[in-house]
2 protein chains.
Amino acid sequence: MELRQLRYFLAIAEEESFRRASERLHVSQPPLSRQMRDMQVEMGVELFAPEGRGIRLTAAGKAFAERARNILASVDTAVDEARGIAQGRLGSVHIGFETGTTFMGAFLSLIAAFRKRTPGAGLQLSPMSSIEQWAALRSRKIDFGYGVYAPTDDALGHLEMSRDRLGLLLSPEHPLARNKTLNLADIENEHILLQPRQLYPRLHADLITAARLRGVTLRVAAEVLDLEALMALVVIGDAVTFVSEKFWEPASQVSLLWRPVDDLDLYLSEFAVWRREDEGTPVVRALVDSAKQAGRGAADC
Amino acid sequence: MELRQLRYFLAIAEEESFRRASERLHVSQPPLSRQMRDMQVEMGVELFAPEGRGIRLTAAGKAFAERARNILASVDTAVDEARGIAQGRLGSVHIGFETGTTFMGAFLSLIAAFRKRTPGAGLQLSPMSSIEQWAALRSRKIDFGYGVYAPTDDALGHLEMSRDRLGLLLSPEHPLARNKTLNLADIENEHILLQPRQLYPRLHADLITAARLRGVTLRVAAEVLDLEALMALVVIGDAVTFVSEKFWEPASQVSLLWRPVDDLDLYLSEFAVWRREDEGTPVVRALVDSAKQAGRGAADC
DNA sequence: CTCAATGTTACCCAAAAGGTATCAATCTGT
DNA sequence: ACAGATTGATACCTTTTGGGTAACATTGAG
């Protein structure tokens, strides 16, 4: 059974005539006879019955014509769909994103830009850490990642989407709130709270190291998993925490102060990540373009 | 695009390998390469991407594989369906049946036998007179008819399903009820009721003619369309009517008597009717067989 | 009864599918 | 790092299949 036979059959069924079908198909009439004979033999079904000097469809033929129509339409649909996916108009992408912090950054702009660019595409978003994203990219579990660390793997391309200075977040009631400028030495004896190591594996170490270089020993009082709880402790004025400048902006309805630390030169970045080999695929290309559009546009791979 | 290409593609997609697919398909590997190249060029879509020394499916390829699977399954289903219809296991028949009287005769047995024989077949029943049935058969509006007259048309085959003697139906209170035997002369002056001429076009005339041959003039008092009303009038004892012997049996809970008329030799028959040219088709063959099984089995065409 | 129209059969040629040999790329094992 | 094995692609040839032309059988119309 071949599609050609279905096409021929459908033309004959619709025209109710071999001759008219042969004209419509731009094929002479004898080949139609033979294709139909072969097909019917293969099926073991009589689809035509002679009527006068022409033919008519049998009951089986009528039902089969209906099916053939659907099958041929399905083929067209399938091709269109594949074409759409190849062009990035259709299909779906699996994106891994860093839990928590990123959802209020450039990530939303990226997604918005992508959705606007390819409205037909389906999105699947899965929360995972940057390191998990890299593994998921390599094993093709996701197609795109958005996290806080640049991958070291050469097979992964990345783009820095934002870069914000790390500073101190404290209550207005806190003694240090009066200082116009802050130094690491000022906070040597403060109770410092941080988000847990799993989220920012390097932040913890980087912070301690940077302070030590200035001869200051920072004491991290606790790692608090729940962001709300952490904020609550800071609001009470009992402790301080380090966050990026931009991170604090959207939540600024809470009366907390963000202060840069003059001799602390640490930055938190967000990175879009993807497989280099996928740069040719339309979906990833669209995502990278959306990322450039949404982010600062500064590519550094 | 041909089904062969879809079959090859699906095998390759499922095996994720041209070589393994070539083994499964019992075809050497180069033809697969070429078919896939041709298909992709025709579609304008890349379905495979090189991976190591093998290949993997692109996103478009994965989606297309899913579709291809459905298409190939649809083809099989379509063929099976056509085969089923051709064998009479599936499909639907349109049957015309005589209104009223027939629904309690051999017709129900016929339908029951047919349903039992071909449980997968759909039935469409339409009430129509014998004459309407013949026209509907000729114009292919119905496939089978069940009525009270045998068609004269040579293109239509028929089978007498039942043959019942016409006799007098009267109330036990009626004066004639005392007679053991009846003659036409006995009912010369009775009020005779009949079902309307449209239902039994010839009964009326046949009855009058048969009586006249015996020198008896029958007086038809009224033609009563509604069967219930007719029966009511007979029960009251005011009038008599002619019905076939079998017709009365199922309704015999009503206290009426059926009596043969010795010198009246009229019979009412029921006939199954079909197109001669359809005798080869499985559905009609099944119906005719069911008819023979349900009826007396006496074929007379 | 002849003639035109329709589908089938017979035959030929062209196109396309399948097979073999070979090649380039890549992974494996030492 | 290198030889050998494996995979898919290419080149070329053979076989199969599809399509065209011509003649034929059947049927319906004038």
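Proteins come first, then strands; the chains are lettered A, B, ... in the order of their sequence lines, and each starts at number 1. None of the values given here were measured: they were computed from a predicted structure.
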So which nucleotide from C:dT9, C:dA17, D:dG18 ends up closest to the side chain of B:Arg4? C:dA17
In whole angstrom, give the distance that lies between atom CD of B:Glu2 and atom C1' of C:dA16. 11 Å
Comparing A:Gln35 with B:Leu32, nearest DNA chain D nucleotide closer to 5' gives the residue B:Leu32
From CG of B:Leu3 over to C1' of D:dT17, roughly how many Å is that when rounded to an integer? 16 Å
Counting the benzene-type ring for Trp, do B:Phe144 and B:Phe114 have ring centres under 6.0 Å apart? no
Heavy-atom nearest pair, B:Leu110 first then B:Ser290, reads O-CB, 3.8 Å
Whole-Å distance separating the CG atom of A:Asp38 from the C1' atom of D:dG19: 13 Å
Atom CE of B:Met36 and atom P of D:dT7 are separated, to the nearest Å, by 19 Å
Considering non-hydrogen atoms only, spot the tightest contact between A:Gly96 and A:Met128 and give its length. CA-CG, 4.0 Å
Pairwise distance CD1(B:Ile71) to CG(B:Leu3) - rounded to 0.5 angstrom: 8.0 Å
Is a side-chain donor-acceptor pair under 3.5 Å present for A:Thr58 with A:Glu46? no
On the nucleotide C:dT8, are OP1 or OP2 found under 4.0 Å from the side-chain N or O atoms that A:Ser33 carries? yes
Any residue in residues 42-59 of chain A with a heavy atom nearer than 4.0 angstrom to DNA chain D? Just list them by number, or reply none. A:Gly52, A:Arg53
Within the supplied structure, the quantity of interest is the number of heavy atoms (other residues, nucleotides, ligands) at a distance under 6.0 Å from B:Asp154 CG; does it exceed 12? no
Let me know the distance between CZ of A:Arg37 and P of D:dT17, rounded to the nearest Å. 12 Å
Should the ring pair A:Phe107 and A:Phe97 be called parallel, tilted or perpendicular, given that the plane angle runs from 0 to 90° and is split at 30 and 60? parallel
Which part of the nucleic acid, if any, lies within reach of A:Gln29 when heavy atoms closer than 4.0 Å are counted: base, sugar-phosphate only, or nothing? base
Below 4.0 angstrom, which residues in residues 9-24 of chain A have at least one non-hydrogen atom near DNA chain D? none
Using modelled atom types only, decide if a donor and an acceptor are shared between the side chain of B:Gln40 and the backbone of B:Met36 within a distance under 3.5 Å. yes
Would you work out how much the helix from C:dC1-D:dG30 to C:dT30-D:dA1 bends between its ends, with each end axis defined by five base pairs, to 10 degrees? 30°
Does B:Phe271 have its ring centroid less than 6.0 Å away from the ring centroid of B:Tyr146? no
Which of the following nucleotides, D:dG18, D:dA22, C:dG18, is nearest to the side chain of A:Pro30? D:dA22
So, does the side chain of A:Arg34 form a donor-acceptor pair with the base of D:dG19 at under 3.5 Å? yes
Salt bridge check: are A:Glu14 and A:Arg20 linked by an N-O gap of less than 4.0 Å? no
Give a yes or no answer on whether the side chain of A:Arg67 reaches the backbone of B:Thr77 with a donor-acceptor pair at less than 3.5 Å. no
